[in-house]
Amino acid sequence: MNYILKDENAIYYECGYSCDNAVYLHLGSEAFFITDSRYTIDAKEHVKKAKVVIDGDLYGRAVTLLKKARVKKVAFDPKEWTVAGFEKLTSGTKVLFKPELDLSHKKRIIKSNEELKIIAKAAKLGAKAFEKLAKEFTLNGFGEHEFTLTHKAKTILGGEGKYDLSFDPIVAINANAAKPHATPTHKKLKKGDLLLVDAGLKYKRYCSDRTRTVFADQGFVFKTVQHFGKKKIQKAYDTVLKAHDRAIQKARSGMKAKEVDALTRDFIEKAGFGKYYVHSTGHGVGLDIHEMPYISSRSDTLIEDGMVFTIEPGIYIPGAFGIRIEDMVAMVDGKAKVLSGN
Ligand code: GLY
Ligand code: MN
C-alpha cells in the first residue's frame with residue numbers, strides 16, 4: 001500500500017526517528033523521510049528503512065516523489081493533517097489522496113515482543129515513580145495545594161529530566177477528584193483527605209499510565225488496598241477495586257472490547273453506582289497515551305494477544321469525591337497480565 005504520514009509517533013513507528021517538521025512517504029517497496037535542513041544530521045543518523053530527503057518544501061517534494069513514482073493513489077489519515085496542510089499538499093496534483101482513518105493506529109494495535117518489553121519497563125518505571133511520589137507527599141505534601149502537588153508529580157515522574165511525561169499528571173483532592181480529568185486548584189492537602197493521582201511517563205517513547213486513589217495519611221502508599229474513614233467512600237472504593245480486579249481476571253483474548261467493558265460496567269451498575277461511572281473502561285497505550293483498542297461499550301474490536309490497554313473503572317460523585325483505579329495490562333497467552341500493579 002502507498003501511504004503518507006504526518007504524525008510524529010506514526011512516523012517514528014515506521015522508521016525509528018521523527019521530528020516536528022517531517023513527512024513520511026511509503027511507496028511500495030520504497031520509503032522516504034522528508035524533512036528540512038535543521039534535521040539533516042540527526043535524520044541521517046537515526047532514520048531506518050527510508051531514504052532521507054532534505055527539502056524546505058516538504059509537501060511539494062512529497063508530490064514530486066509521488067509523480068516520479070507514477071503513483072495514482074495514496075492513503076492518508078485525516079486525523080493527522082490540518083485543513084491548511086492537507087490543502088497545501090493536495091492542491092495542483094491529480095494524485096488521489098484516499099482517507100484511511102486510524103491508518104497508523106490500526107498497524108500499531110498489536111505490539112511486537114520488543115515493544116511489549118519497552119512498555120513493561122515504562123509501566124514499571126511509572127509504578128516506581130508512584131512510590132517516590134508517596135514518600136514525597138507524606139513528607140512534604142500536606143499543606144500544599146494541588147498546583148504544587150502536580151508540580152512535584154511532574155518532577156518525580158520526569159526523573160529530573162530523564163523521562164518525558166505521558167500527559168500532565170492529574171492530582172486531585174476530595175471533590176475535585178469527581179472530575180475524571182481534573183485540573184489543579186488551590187485546594188490544600190490535609191490528613192484524612194481522599195487523593196487521586198493519575199500519571200505516566202515515557203520510556204523509549206512508549207507511555208505508561210496508572211491511577212491510584214488513596215486515603216492520605218502520614219506514611220501512605222499508592223497501593224490498591226485502602227481504608228477510608230467514611231462508609232460511603234469505602235463502599236464506592238471497594239466497588240471500583242472489585243470492578244477493576246474482575247476485568248483483569250476475566251478479560252480474555254477473543255472477547256470483544258465491549259465485553260471487557262461490561263466486566264467493569266455491569267458490576268458498578270449492580271452496586272448502584274452506574275450513573276456515576278462516566279467514561280469507558282480503558283484505552284490502548286503505546287507511543288500515544290490513547291490508542292487502539294478502546295475498551296468501551298461501543299467497541300466491537302476483538303481483543304487479541306499482544307494488545308496493551310488500561311483497565312480504569314471509576315465512580316465520580318459530583319461535589320463529593322471521585323475514585324479511579326487504573327492499571328495497564330498486556331494480553332499474553334489469552335489472559336490479561338498486569339504491567340503496573342500493586
Ligand atoms: N490517564 C489519563 C487518561 O487515560 O485519560
Ligand atoms: Mn488512562
Side-chain angles (χ1 to χ4, degrees), residues 9 79 102 105 108-109 111 118-120 122-130 133 146 149-150 152-154 156-158 163-173 176-184 194-203 205-214 222 224 240-241 243-245 247-248 251 257-258 260-261 263-265 268 276-299 301 303 307-316 322-331 336-342:
N9 283 336
K79 291 182 182 173
D102 299 314
H105 275 181
R108 285 150 50 191
I109 190 168
K111 272 60 185 174
I118 295 173
I119 295 171
K124 271 215 171 74
L125 289 169
K128 265 212 174 108
F130 266 70
L133 192 59
E146 288 172 344
L149 299 174
T150 304
K152 284 180 189 292
K154 281 185 189 170
I156 288 176
L157 266 288
Y163 309 112
D164 284 337
L165 300 185
S166 305
F167 53 91
D168 275 352
I170 297 165
V171 180
I173 299 165
N176 204 28
K179 305 165 195 161
H181 273 197
T183 49
L194 173 148
L195 176 68
L196 181 152
V197 177
D198 181 347
L201 56 81
K202 291 186 188 183
Y203 173 69
R205 290 185 67 138
Y206 283 78
C207 297
S208 75
D209 194 7
R210 188 178 200 244
T211 306
R212 290 290 180 269
T213 309
V214 296
F222 285 112
T224 50
V240 172
L241 181 58
H244 161 276
D245 291 353
I248 291 171
K258 65 183 179 193
V260 177
D261 179 80
L263 291 171
T264 64
R265 200 162 305 282
I268 289 175
Y276 301 113
Y277 183 13
V278 294
H279 54 69
S280 50
T281 293
H283 54 88
V285 184
L287 289 166
D288 285 322
I289 182 61
H290 293 142
E291 51 180 66
M292 297 169 119
Y294 293 97
I295 313 299
S296 88
S297 58
R298 295 175 307 279
S299 175
T301 301
I303 298 302
M307 289 184 175
V308 173
F309 52 87
T310 65
I311 297 289
E312 51 176 305
I315 291 176
Y316 307 91
I323 288 156
R324 178 166 66 259
I325 303 169
E326 173 180 33
D327 280 298
M328 290 166 67
V329 300
M331 295 309 294
K337 180 179 164 196
V338 180
L339 302 178
S340 57
N342 300 316

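Note that the structure is predicted; figures quoted are calculated from it, not measured. Just follow the structure's listing: the first ligand is 1, and inside any ligand the first atom is 1.
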Query raised in the report: Are the ring centres of Phe167 and His290 closer than 6.0 Å?
Result: no
Report task. Provide the closest heavy-atom pair for Leu196 versus Ala177 in the form atom of the first, atom of the second, distance. Result -> CB-CB, 4.0 Å
Report task. Determine the minimum heavy-atom distance between Glu312 and His279, stating which atoms define it. Result -> O-CE1, 3.0 Å
Query raised in the report: For Pro313, does its backbone N or O pair with a side-chain atom of His244 as donor and acceptor, under 3.5 Å?
Result: no
Query - Flag, side chain of Thr281 to backbone of Ser296, donor-acceptor distance under 3.5 Å - result: no
Query raised in the report: Counting only protein atoms, how many N/O/S atoms are less than 2.8 Å away from the Mn ion (ligand 2)?
Result: 4
Query - Donor-acceptor contact present, side-chain Ser166 to main-chain Asp209, <3.5 Å - result: no
Query raised in the report: Do you know which two heavy atoms are closest between Ala336 and Ile248, and how far apart they sit?
Result: CB-O, 3.6 Å
Which pairs of N or O atoms, one from ligand 1 and one from the protein, are separated by less than 3.5 Å, and what is the distance for each pair?
from	atom 1	to	atom 2	distance (Å)
ligand 1	1 (N)	Asp198	OD1	2.9
ligand 1	1 (N)	Asp198	OD2	2.8
ligand 1	1 (N)	Asp209	OD1	2.8
ligand 1	1 (N)	Asp209	OD2	3.1
ligand 1	4 (O)	Asp209	OD2	3.3
ligand 1	4 (O)	His283	NE2	2.8
ligand 1	4 (O)	His290	NE2	3.0
ligand 1	4 (O)	Glu312	OE2	3.4
ligand 1	5 (O)	His181	NE2	2.8
ligand 1	5 (O)	His290	NE2	2.9

Query - From CA spacing to verdict: side chain to side chain contact (heavy atoms under 4.5 Å, CB included), Val214, Phe222 - result: CA-CA 6 Å; Val214 296; Phe222 285 112; 3.7 Å; yes
Requested in this report: Determine, for Asp327 against Lys337, whether the closest basic-nitrogen to carboxylate-oxygen distance falls under 4.0 angstrom.
Outcome: no
